[in-house]
Amino acid sequence: MRELKIFSGQANRPLAKAICNFLHLPLGEVTLGKFPDGENFCKIEEDIRGRDIFLIQPTCPPVNDHIFELLIMIDSCKRASAARITTVIPYFGYARQDRKDEGRVPITAKLVANLITRAGADRVLTMDLHSPQIQGFFDVPVDNMYAAPVLNDFVAALDVAPEKRIVVSPDVGSIKRALGHAKRLGAKLAIVDKRRDNPTETRQEHLIGGPVAGMVAIMFDDMISTGGSIAGAAARLKEAGADAVYVAATHGVLCGKAIEKIGAAPISMLAVTDTIPISPDKMIPKIKVLSVAPLLAEAIKRIHHDQSISILFDKTEQ
Ligand code: R5P
């Protein structure tokens, strides 16, 4: 068996270290930095010839820097004769531009997938892609993991009687995900009819299903970006008589005024995973971070040993 080595870009070294701890492996030595003109620099500081390489880098903000750093890490590994390069991208940025919904716009999810593949990645390991069909944008195998078991464990541990839980989809596009969680948690389902006026503003037109009055609403989402969607939906749920609102999401992008919006919203607690690092200034008391490091470590081990990944999840989590 070829030796497994893990390296991290600068996007989320705490997650990379946590993954290495679970695997009882040292994090590989790499020097990353910038030239005075802003160009990225990378040097892998150990012999990787013929090794099975995993590069950990979520493409979170600053998105372009992190993508480019990943690309030059792939190039460094390829030119150093790595046997196989798996890019571990726990959060895949640019994913929301995944189709032409108006004229003269790009499909950036496809463009970034092309860049990663053409740079030399042999495989991709990722988590909760914004839309599952993005897997098809890569011409190499993609393992799309689910944070659902971690998010469901968080909800199950809340001091809320199961019959008081109602799972709420924050928009029509997330119904399938919400249904999976509702089945798993034995809860009813409601849907918020969200309309997006522009990238930062949303309106919550209707609340479908329920009733939510007297219930504890639990919203699941793939990402919290500006926080507008969940803040608006939480306000709508409280208007409809929900006793409390909890939110569980995989990727805490938390950009712009997200923290202010979440702080002011009628949300009792927001749980996000550590696919993206949350800086200390964003760690308000109602935010809780759950680790997906054990899941990703297990997936890396299984990819290295050519074992099944889908066996880690049941159908309601996919
Ligand atoms: C939408 O399709 C996504 O699943 C998220 O609901 C959305 O991207 C969150 O964005 P924001 O936090 O800016 O409302």
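Start at 1 and go down the list; that is how both ligands and their atoms are numbered. Because the structure is a prediction, the values reported are computed rather than measured.
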Regarding [X] and [Y], do their side chains bring together a donor and an acceptor under 3.5 Å, going by distance alone?
X    : Y    : result
S229 : K194 : yes
H251 : T275 : yes
K110 : N114 : yes
Y94  : N64  : yes
D222 : T250 : no

Query raised in the report: For ligand 1, what is the set of protein residues having any non-hydrogen atom at a distance below 4.0 Å?
Result: R96, H130, D171, K194, R196, D221, D222, M223, I224, S225, T226, G227, G228, S229
Report task. Measure up the F220 and H181 rings against each other and bin them: parallel (under 30°), tilted (30 to 60°), perpendicular (over 60°). Result -> parallel
